[in-house]
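The structure appears right after this line, and notes come after that.
So that the names make sense, note that chain A is the first sequence line, chain B the second, and so on, each numbered from 1. These numbers come from the heavy atoms of this one structure, side chains and all, not from hydrogens, waters or symmetry mates.
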Amino acid sequence: MLNLQKLTPLDDTALEQIGFTWHTDNDGSKYISDTLVGVTEAEAEAYYTAANELYDMYVEAAEYVIENDLFFDLGIPFNLIETIKKSWENDVHWHIYGRFDFSGGIDAKPIKLIEFNADTPTGLYETAILQWALLKHNNMDEDRQFNNIYQAISDNFRRLVTLFDDVEEFDERYDGWKILFSSIEGNDEEEMTTQLLQKMATDAGFVTANAFLQDVKFDEKGIFDSDENQYEYWFKLYPWEDIGTDEPELAMLLGTIMKNQEAILLNPAYTLLFQSKGMMKILCDLFPDSPYLLPTSFEPLEGSYVEKRMFGREGANTKIVDAGGNTVSEVDGPYGNYRPIYQEYTEFVKDSEGNHYQAGVFFAYEACGLGFRRGGKILDNMSKFVGHVLV
Amino acid sequence: MRHLSTIGSAALLGSVGITVMSVLSGCEAPQEEAKNRFLVIEQQANGGYVVVEETPTEGPNRAIIRETDENGKVTERFMNEQEMQTLAQQEYDKMEAGQSELNAAPTDAGMGLAGTILAVAAGSLLGNMIGNALMGNKNFQKHSNTSNKSAYHRSAANKASGKSSTKKSFFGGSKKGSSTTRSGSYGG
């Protein structure tokens, strides 16, 4: 039985005061649930282990894709291939953070990988800050939560300089290199997610600034803000595949900037390999015995399966098909042009009202925090955020 | 817990932790102390005003207004704190009534003197409460940024205009999000 604990929610005014303005969905429903999922320490440890093991598997699989030139299989835009290879060659292109989505892990259900949001994960503010604030607000023990995201990402920014060495070396080695943070303008969630990441980097000790995507300037000598200040790092909360398809000239320029070692781009271009759902087929080929993987194929599977698109997001363009070939559930969306991928169907953990729960585990050098999404059979952008407490 | 780390203390969340704690304890979010300053405000060719120099000062707020008449003659006049406050208050009242140019996003036409003064010095002229409330307004924030071309910004811009820049911008116009809802998100 799923362990759910009712709590006193933060009201809209309080949420807005801490910068969280996207608290209400289009239909007027609250995005942040007034319950917490009770998770045992053993369950949380299992999520931690799964994410760490899977990350290592993703690294091996990426190496395999590059060696065997499988970019086409993963739906990677051809104009990003060189940039991806280049970013893979040198550790300075450090992966800042990602989020694994899992089914199971609670209620005695096994953990299964649903996808890895490696390039532009959101849900960060909710998981890193809000669910902790909910514990504080309800006078609960703030130590009872698997959530070290803020510190872990902050430390990972320091690794841009120290790499595999102790992050404590940062202060000694850091030489004023600046990070520019960019998102699209006019979407509160993405603006605040980007600002939160900027705060983490500032707390890490970096000089930082922010500019909306359209205000950033590029030439082969580097990346600049509108006042012509040059930046050594550019973090963009914007999908690599969209740069490849919608902004081909920029894709080419970014490749040149990287080749000329004028700037480092975050998250690195190789995270697009991780982001492609096609990687889950490669993982199945390479690690057939892994307990975390659902059988995945480029062709429809026997039995019940889920059809997704290589770069679909937030459940869009997802279809659940039963063993008889009938569509059980379907969410439309804008990603239909990407190639399909087929994954064996697994049911999410359900509560007594029939809501489904998907776990999201953030990864920044290691697994560092857990949160949940609650919704229908397909978790789309109307799903709710549910925090957790260790029981 | 063998491997699991927790936040444990608000201090580990940096400035975000302080904000959350103050909101949870029923206090206003922490406010930045507005400093008094000495401003040089210059009229641009389009008639609008921008701040071209800004120096924090221990003394009262004051400004030099540099204007160009139709014959191209430049005049400078001094403005004391009281005059600045009066203009800022007038503009703030207009904002409250929805009649100020600060209510809308900045345009190429530039902004009037009162709007410019309010945009860059609301907190120190009208108090922190008003200053911080205004900074929560996106259009006001944009005006604050575009109205302030203080020394550092100006020199950087001049340096750049000395050569023919080949820098390009992308993501033209079409990449706009949809306000406070989660749909239309590029995240995942």
What closest approach, in Å, do [X] and [Y] show between heavy atoms, and which atom pair accounts for it?
X      : Y      : result
B:L12  : A:Y150 : O-CD2, 3.4 Å
B:T19  : A:Q17  : CG2-O, 3.9 Å
A:N148 : B:S5   : CB-CB, 3.4 Å
A:A128 : B:I7   : O-CD1, 3.6 Å

Can you tell which part of [X] gets under 4.5 Å to a heavy atom of chain B, answering side chain, backbone, both or neither?
X      : value
A:A42  : neither
A:F218 : both
A:I129 : side chain
A:D203 : side chain
A:L135 : neither
A:L10  : side chain
A:F146 : both

### Query
Relative to the ring of B:F171, is the ring of A:Y238 parallel (under 30°), tilted (30 to 60°) or perpendicular (over 60°)?
perpendicular
What do you reckon, is [atom1] of [X] surrounded by more than 12 foreign heavy atoms closer than 6.0 Å?
X      : atom1 : value
A:M252 : CE    : no
B:Q44  : CD    : yes
B:K168 : NZ    : no

Distance check, rounded to the nearest 0.5 Å: [X] atom [atom1] versus [Y] atom [atom2]?
X      : Y      : atom1 : atom2 : value
B:L13  : A:I149 : CG    : CD1   : 10.0 Å
B:L4   : A:D143 : CG    : CG    : 11.5 Å
A:F212 : B:S169 : CZ    : OG    : 14.5 Å

### Query
Based on non-hydrogen pairs under 4.5 Å, which of A:E16, A:M192, A:E191 is most in contact with chain B?
A:E191
### Message
I'd like to know which of A:E249, A:K221, A:H137, A:Q151 tops the heavy-atom pair count under 4.5 Å against chain B.
### Response
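Going by pairs under 4.5 Å, I would pick A:E249.
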### Task
Side chain from CB out, backbone as N, CA, C, O: work out which of these in B:L24 comes under 4.5 Å of a heavy atom of chain A, or both, or neither.
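It is the side chain, since no backbone atom gets that close.
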